[in-house]
Chemist: 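Got a structure for you, written out below as structure tokens; questions coming shortly.
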Amino acid sequence: MEKIVLAKSAGFCYGVARAVKLAEDLAERYPGSARMLGPVIHNRHVVEELARRGMAVLSSPEEAGPGDRVLLRAHGEAAGVGEVLRARGAELVDATCPRVALLRDVVRQAEAEGRQPVMVGQADHPEVRGIAGWCRRLVVLSGPEEARAWLASAENPRETPLTLVSQTTMLEEIWEITLKFFKKECTNLKIFDTICRATHNRQSEAAEIAAEVDAMVVVGDPKSANTKHLTEICRTYCSHVFQIENADELSLEELSDCRVVGLTAGASTPASIIKEVYKTMSEEKILGEGMENFAEMFEQYTNTLNTGDKVTGVVTAITPTEVHVDLGCKQAGYIPLDQLTDDPTVKPEDVVKIGDEVELFVIRVNDVEGYATLSKKRLDAVKVWENIEEACSNKEVMEGIVTEENKGGVVVSVKGVRVFVPASQSGLPRDAAMSQLVKQRVSLRVTEVNRARRRVVGSIKAVQQEARAAAAAEVWANIEVGKRYTGTVKSMTSYGVFVDIGGVDGMVHISDLSWSRIKHPRELVAVGDTLDVYVISYDPEKRKISLGVKDRSTDPWQVFMDTYKVGDVASVRVVKLMTFGAFAEVVPGVDGLIHISQIADRRIEKPEDVLAENQTVEAKITAVDEEKKKISLSIRALLAPSPAPVEDEDGE
């Protein structure tokens, strides 16, 4: 051999490393009473080493006794196992891989929703048996052939609501082929890709290495499904593949003619065995490529933490007071609730979930007790400040909630950071009450950041202006006479109102608001009202738009002619008083004249002696001039004539 290529992802995955660590701690703390229910992982050497430390293997929960500390293995167990152990007085230590626990929750939720859970995996695998123990009707299919046979025998397979998941260590290729088949055959399908990413990465890396080397060595327990899958993948790309359990099974003679040899290991293979195999392979050979990376990985796992470190961990448990995190090192980590988030009303489950990978800040390390106190909110705050600084530099739009009215403006909470928005940048009119923005979600642009002073300034107005400019461009690009818009009344004058139709203001003249005669627009609308308007005319150069509200398709004079004739009596509204009489609205848009002589049955000096504007009276239509569209009205014609004076007997 001239070269050894060691896979960077060889060996323990997170879930296995966590389970082994829990087992070792349990054996050390409770010698004589530590137990594991079945092998903690699929590796004979690890199980034998734990047995030497006094940790016995139970074949069933019924073998547990009072006071036993029983470890539930990484593959997980059925729901009833815990009840049996507790009934026998045993204490449970759950080493179920967080990824398996998530898979279990998905299957349980699917069944609770009335869906049929279907898993692509090996029915006899401990992980699959454990998952099946959490629901009543899990269907396990090994691949596309079994899937095809199962769907052929199922009732209404295309319409049956299915939830499709995968065993965490399943071959990616089998999962993809089976998934493609279900997508084609089923119409009510929910898909959860539950293959462990660490497994996927290990398999992908093994395939890449196998394609480039003369021979491939896969280290792992022969009972490990993960190791078997690695071997199958490697054999697809390399003709010389050797699966061994440890260095004793390694045959250097078979590798002597190989110039470049690849080395990988299953997720249940301890680092010590991998190193021993590598050492054996590299004796009297040049140093293999990747050994430094492996050493770094091993060092990282056994490394200690320091206050101020940034670390990545996986959430393993959530309690009412703290969140437990596995950091992949000898210290246990936990996040006090006050270090999880700045929002005291948020539940821990809303922030993180078991199995989540989170970045954290180490605020205290206790090597004596073997734990580290962590903070998520402190690291989140650093990231938020970095995001805000980046948003300021790139002029990005951010969102936040207005939390309070402040002197000279308002304060907006953007991802927990206070951003001051001056009144001039609030987007409200001058002298408007800033309090109307409180509790509103707003978009703003950060204009100034001083991290040292923890000062951030923003502008709501800048975002509004840009949005308005974009909307205005859209309006002018598509405007045409007759086009209708829904707008908002922005302001009004005695001669009309200005309406915002989406970034552009148009004017509705008072005469185009209604067919009825009005003195001021406020009689019909108010600022802030929504109006349906149409375009009467527009001038792109002068940026002027004339709008209308009244329906021009209706001819008021024709409405009058279709409704009334000479001699009819109508209820009319007095709209204007003149010296010679009063104009009254008969129908909207059509007025008639009540001459001063026709207002009363007596002589009057002026119309206002009897009538008032907006007064409604009964009047008789006495004449209609169709050509000039004029109407004569009379109130006097409807009044009873005054009785004639009565003469006495003397004729006086």
Side-chain angles (χ1 to χ4, degrees), residues 12-44 46-51 53-108 119 121-122 124-135 138 167-169 194 196 198 221 223-226 267-268 270 314-319 323-326 328 332 353-355:
F12 281 179
C13 66
Y14 162 74
V16 170
R18 171 178 174 270
V20 172
K21 185 173 181 295
L22 286 172
E24 291 174 344
D25 290 346
L26 200 65
E28 182 178 348
R29 293 174 60 190
Y30 303 103
S33 63
R35 306 283 186 266
M36 66 180 98
L37 185 57
V40 62
I41 61 171
H42 275 151
N43 189 279
R44 177 174 60 85
V46 172
V47 175
E48 289 176 355
E49 176 59 29
L50 289 171
R53 297 187 186 187
M55 192 170 195
V57 179
L58 304 180
S59 58
S60 70
E62 285 78 13
E63 294 179 10
D68 283 349
R69 272 79 175 181
V70 181
L71 185 82
L72 301 186
R73 55 188 172 176
H75 297 307
E77 297 289 350
V81 169
E83 297 177 6
V84 174
L85 289 171
R86 280 187 286 268
R88 298 186 65 81
E91 181 180 326
L92 273 65
V93 179
D94 194 354
T96 302
C97 172
R99 174 68 61 175
V100 175
L102 285 174
L103 170 57
R104 178 182 65 200
D105 292 342
V106 169
V107 171
R108 291 173 61 192
M119 176 183 284
Q122 298 169 311
D124 60 344
H125 193 277
E127 174 189 313
V128 178
R129 293 201 303 268
I131 297 294
W134 287 87
C135 57
L138 177 69
Q167 181 180 324
T168 61
T169 56
T194 49
C196 175
D221 193 295
K223 295 180 180 179
S224 168
N226 185 280
S268 300
V314 176
V315 176
T316 59
I318 300 174
T319 74
V323 174
H324 294 201
V325 179
D326 192 303
K353 293 179 172 56
I354 293 176

Chemist: With side chains defined as the heavy atoms from C-beta onward, is the minimum distance between H75 and R129 less than 4.5 Å?
Modeler: no
Chemist: Could you give the distance from OG (S224) to CZ (R44), rounded to the nearest 0.5 Å?
Modeler: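 If we round to the nearest 0.5 Å, S224:OG and R44:CZ are 13.5 Å apart.
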Chemist: Okay, side chain of R69, backbone of G67: is any donor-acceptor separation there less than 3.5 Å?
Modeler: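 Flag set: sc R69 to bb G67 pair under 3.5 Å.
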Chemist: Using every non-hydrogen atom in the two residues, find where A78 and G133 come nearest and quote the distance to one decimal.
Modeler: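 In this case the closest contact between A78 and G133 is CB-CA, 3.5 Å.
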Chemist: Are side-chain heavy atoms of L71 and M55 found at a separation under 4.5 Å?
Modeler: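 SC-SC contact between L71 and M55 confirmed.
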Chemist: How close do V46 and P270 get, heavy atom to heavy atom, and via which atoms?
Modeler: CG2-CG, 3.3 Å
Chemist: Ignoring hydrogens, what is the shortest heavy-atom contact between A23 and V40? Give both atom names and the distance.
Modeler: CB-CG2, 4.5 Å
Chemist: How far does CZ of R108 sit from CG of L138, to the nearest 0.5 angstrom?
Modeler: 13.5 Å
Chemist: Does G80 offer a backbone N or O that forms a donor-acceptor pair with the side chain of W134 under 3.5 Å?
Modeler: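 Here the side-chain-to-backbone pair does not exist.
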Chemist: Going by heavy atoms in the side chains, are E62 and V84 under 4.5 Å from each other?
Modeler: yes
Chemist: What residue among L103, T194, V106 forms side chain to side chain contact (heavy atoms under 4.5 Å, CB included) with I131?
Modeler: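 Exactly one option meets the side chain to side chain contact (heavy atoms under 4.5 Å, CB included) with I131, and it is L103.
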Chemist: Ignoring hydrogens and angles, tell me if any N or O in the side chain of Q167 forms a donor-acceptor pair with the backbone of V128 under 3.5 Å.
Modeler: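 Judged by distance alone, no pair lies under 3.5 Å.
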Chemist: Quick check: closest heavy atoms across L85 and A64, and the distance to 0.1 Å?
Modeler: CD2-CB, 3.6 Å
Chemist: Mind listing the closest non-hydrogen atom pair of R73 and P39 along with its distance?
Modeler: CD-O, 3.2 Å
Chemist: Side chains of D94 and T96: donor-acceptor distance under 3.5 Å anywhere?
Modeler: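 The criterion, which ignores hydrogens and geometry beyond distance, is satisfied for T96 and D94.
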Chemist: Okay, side chain of N226, backbone of T169: is any donor-acceptor separation there less than 3.5 Å?
Modeler: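 Such a contact is absent between N226 side chain and T169 backbone.
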Chemist: Would you kindly say whether T168 and E127 are connected by a side-chain donor-acceptor distance under 3.5 Å?
Modeler: yes
Chemist: For atom CD of E28, decide whether the heavy atoms of other residues, nucleotides or ligands shown that lie under 6.0 angstrom number more than 12.
Modeler: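 Counting neighbours around CD of E28, 12 or fewer heavy atoms of other residues, nucleotides or ligands fall under 6.0 Å, so no.
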Chemist: Do side-chain atoms of D221 reach the backbone of K223 as a donor and acceptor pair under 3.5 angstrom?
Modeler: yes
Chemist: Under 4.5 Å between any side-chain heavy atoms of E24 and L50, yes or no?
Modeler: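 A side-chain contact under 4.5 Å exists here.
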Chemist: Measure the shortest side-chain to side-chain distance between I354 and D105 over non-hydrogen atoms and say whether it is less than 4.5 angstrom.
Modeler: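 A side-chain contact is absent here, since even the closest heavy-atom pair is not under 4.5 Å.
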Chemist: I'd like to check L37 versus P61 (side-chain heavy atoms, cut-off strictly below 4.5 Å). Are they in contact?
Modeler: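 With C-beta onward as the side chain, the pair touches.
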Chemist: Side chains of H42 and P126: closer than 4.5 Å at any heavy-atom pair?
Modeler: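 A side-chain contact under 4.5 Å exists here.
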Chemist: Please confirm whether the backbone N or O of E63 pairs with a side-chain atom of R88, one donor and one acceptor, at under 3.5 Å?
Modeler: no
Chemist: How many angstroms lie between atom CG of D68 and atom CZ of R35, to the nearest 0.5 angstrom?
Modeler: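 Spacing of CG (D68) from CZ (R35) equals 4.5 Å.
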Chemist: For V47 and I41, work out which heavy atoms get closest and say how close.
Modeler: CG2-O, 3.9 Å
